[in-house]
Structure formats: structure tokens, C-alpha cells
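Comments concern the structure below.
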Protein chains: 2
Amino acid sequence: MKLSAKVEYGVRAMAVLSIYYQEGPLPLREIAEQEKISLKFLEQIFPDLRRADLIQSVRGSRGGYILSRPPAEINVGDIVRAVEGPITPVDCLSEVDSESCCHRKDDCLTRQVWEKLRDRINDVLDEVSLDELVEVKPAETLT
Amino acid sequence: MKLSAKVEYGVRAMAVLSIYYQEGPLPLREIAEQEKISLKFLEQIFPDLRRADLIQSVRGSRGGYILSRPPAEINVGDIVRAVEGPITPVDCLSEVDSESCCHRKDDCLTRQVWEKLRDRINDVLDEVSLDELVEVKPAETLT
DNA sequence: TTAATTCCGACTAAACAACTCGGGTATTGC
DNA sequence: GCAATACCCGAGTTGTTTAGTCGGAATTAA
């Protein structure tokens, strides 16, 4: 029940982009330095984010990346799914593998739980938008 | 974001044990056959379930396994955690690795989401008990 | 005693994860 | 023109995890 490093980095990177939203494109190198992530590894992640239309790229000198929409309109679920593909807690939930799930003649006993789990995971991730990640939390302001 | 085959098999096996609850110990061989799971692989899973006190074993001929408590008092979360250990969507949520999470001086931006995710996953899994898995679903009865 | 079982620990083959490396091309600001 | 950048691509590496397999010892009912 783990997310990949790619997803973790992807979300961190997107959080940084949120902070610099409205300041023009931010180069990958900047993000890599701030978040101590290998530049080359980030280069592997960003195409996924772009294909999902979460970011836009600006080529050439002074180029970089910028969010496609305001941080409030991008949520963590978008990022996770862009980088890791659809959430499938067990293989038999993907359409491809529907047959391998149930050996019993009657309906698979466990399928319902996994579907519920999948839906709830998507729900939680979709509840949190990038601006919520970035905004200063009340608790911290007080301490 | 996947569960292991161990967990999947573990839950399936526990569902079978639920059905045969009150009929004395059920040997692993039976479960293996019913669920088309390698006996030897099941043998690796069951010690985990026993250590978590979800099942009790009866050794020797005519032995087998039996649930420690009625199916209604065992939920899927118990099984998942018994087999896979605690749910940790990202490594930095485990106590061991707390340092490697945040490179930034300020608090880790993303930690909160992952904590929320972890809690919700546990919630869903804890909502479903074995007897719910096993009982005939209304929808099916009608069709 | 024998057969059925749990129990234990080692082993393995394949897949996957998390990178690293190296190079090239296209685009753009200065 | 030059430097900085995105973009593309594939290859290699290293270590871990997964999903098993295998062989045998301990226990027990019959």
C-alpha cells in the first residue's frame, strides 16, 4: 500500500510550482535544487504531468514549467493518477484482468471491499487541492 | 498503490474460514483448493494471521485453523495490517524514517495529505467485517 | 505406526523501483 | 551566436520486493 517515489516527488514538485505560480515559468533545475531531487529523475516525471495537462512548458532560455490552472483547481488525485495511472488496490479491479479475480463460481467475495477502498482513496486525494498544500497552516502560525 | 498478493489471499482465506466457522478447524489444504492458492504460499501467510491473534491453529492430523473470534469481530483492516504491516503510503510516515521526509526547513508541505490518506485507508478497511464479506448481498438475492 | 497436519527456514527467479548516464534535438532570450 | 532550457530516448545499474518453491521437522488423531 505504498505510493512510488515518482508520485511523492511529483506532488512536491507541483507544490513548488504552486508557490511560484504567477511568477512565470520555473525551470526544472530550480525545483530539483529546492526539493533535493535528481534533475534527471524529475525529467522523467514531468512528461506525465504535461500529458495530463496539469502543467505547461515554456521552451528555450528563461523557459520552464508553469501550472496549467490555478493551484486551487488542481488536486493531489490528479497528480497521483497522472504519474502512477489509475488507482487499483488489487489487479482484478483493472479492466484487463477482470477474469483472473474470481475463481469461485459465485461472485467474488472480496471485490466489493477493494472497490470501496479504491473509491475512497480517490476521494481523499481529490479533496486536497494544491493551494491547500501550500497555504500556511493555522497551527504553525500560532506556534 | 497496490496491495500484495499475500494480503489478497489472506483476506480470501479468512473469508473461507468465516464460512466454516463453528465447524471445527479447517485445514489449509482445503482453503488452498477452494481458493486456488498454492498451499505453500498460504503456509507463509498464516503465521502472520496467527501472530495477530486472528486465527488459532490446531496441530496434527485433523487439525487446521479456526477464527479466534466470530467473523463479525474481525475486519479487513485487521487482516491487511497483520499481513502487510501498518499502512504507510509514503515512507516518511513510518517513525523510523521521519527524518528523510522533509528537506525543507519549514514543515513538510505534503505530510498532511499522506497522513490523511493513511487514516482514511485504515478507516475504510476497518469498516468492513468478515461477516459482511461472506453474507449474501441483497442485490444478488434479487437477480 | 502412519497419515495428516502445522510449522520453520532457506532458496530462487522474475519483476520492479529508483535512479544514473549519455547523448541528441529543438527552441528561445539575450 | 551562445547559453539555457525543454524535450526525447534508450540503456544500464543496483538494490529491493514479490511471489512463489522446496525440504524437512514437530505434532497429533486414529
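Order of the sequence lines sets the chain letters (A, B, ...), proteins ahead of strands, with each chain counted from 1.
With no hydrogens or angles considered, no side-chain donor-acceptor pair links Glu73(A) and Ser129(A) at under 3.5 Å. No donor-acceptor contact under 3.5 angstrom links the side chains of Glu30(B) and Tyr65(B), judged on distance only.
We find that Asp123(B) and Arg118(B) are not joined by a salt bridge, their nearest charged nitrogen and carboxylate oxygen being 4.0 Å or further apart. A salt bridge is defined here as a Lys NZ or Arg NE, NH1 or NH2 lying under 4.0 Å from an Asp or Glu carboxylate O, and Asp48(A) with Arg51(A) meets this definition. By the 4.0 Å N-to-carboxylate-O rule, Glu115(B) lies too far from Arg120(B) to be salt-bridged with it. Under a 4.0 Å N-O distance rule, the pair Asp78(B)/Arg81(B) qualifies as a salt bridge.
Using a 4.0 Å cut-off, no side-chain N or O of Tyr9(B) falls inside it from OP1 or OP2 of dA19(D). A close approach under 4.0 Å does not occur between any side-chain nitrogen or oxygen of Ser61(A) and OP1 or OP2 of dC2(D). Neither OP1 nor OP2 of dT5(D) sits under 4.0 Å from any side-chain N or O of Tyr65(A). Phosphate proximity of dA6(D) to Arg29(A): absent, as no side-chain N or O sits under 4.0 Å from OP1 or OP2.
Spacing between atom CG of Leu42(A) and atom C1' of dC21(C) amounts to 16 Å, rounded to whole angstrom units. Rounded to a whole Å, the CG atom of Asp91(B) is 13 Å from the P atom of dT16(D). Per the geometry, CD1 belonging to Ile37(B) stands 9 Å off P belonging to dG20(D), to the nearest Å. For Ile45(B) and dT6(C), the CD1 to C1' distance is 15 Å, given to the nearest whole Å. When rounded to the nearest whole Å, the span between CD of Gln44(B) and P of dT21(D) equals 9 Å. In this entry the distance linking NZ of Lys2(A) with C1' of dA15(C) reads 18 Å, nearest Å. Per the geometry, CZ belonging to Arg50(B) stands 9 Å off C1' belonging to dT6(C), to the nearest Å. At whole-Å resolution of the value, CG in Leu49(A) and P in dC8(D) are 14 Å apart.
Looking at every heavy atom in both residues, Pro89(B) comes nearest to Trp114(B) through CG-O, 3.9 Å.
When each of dC19(C), dA19(D), dA6(D) is scored by its nearest atom to the side-chain atoms of Phe41(A), the top-ranked nucleotide is dC19(C).
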Practice item. Assess whether side-chain hydrogen bond (donor to acceptor under 3.5 Å, both in side chains) is satisfied between Gln44(B) and Tyr9(B), documenting all intermediate values. Key: CA-CA 11 Å; Gln44(B) 284 190 335; Tyr9(B) 296 164; over 6 Å; no
**Study point:** Intermediate values then yes/no, side-chain hydrogen bond (donor to acceptor under 3.5 Å, both in side chains), Ser4(A) and Glu84(A)
**Key:** CA-CA 8 Å; Ser4(A) 64; Glu84(A) 274 207 333; 2.9 Å; yes
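Listed in residue order, the members of residues 52-59 of chain A having a heavy atom less than 4.0 Å from DNA chain D are Ser57(A), Val58(A), Arg59(A).
A rotation axis mapping the C1' atoms of four pairs onto the next four is fitted at both ends of the helix from dT1(C)-dA30(D) to dC30(C)-dG1(D) over five pairs, and the angle between these axes is 20° to 10 degrees.
To the nearest 0.5 Å, the span separating CD1 on Ile74(B) from CE on Met14(B) amounts to 4.5 Å.
Judged by closest nucleotide on DNA chain C, Leu3(A) is the one of Glu43(A) and Leu3(A) placed further toward the 5' end. Between Gly60(B) and Phe46(A), the residue whose closest nucleotide on DNA chain D is further toward the 5' end is Phe46(A).
One cannot find a donor-acceptor pair under 3.5 Å joining the base of dG10(D) and the side-chain atoms of Lys40(A). Taking 3.5 Å as the limit, the base of dT5(C) and the side chain of Glu30(B) contain no donor-acceptor pair of atoms between them.
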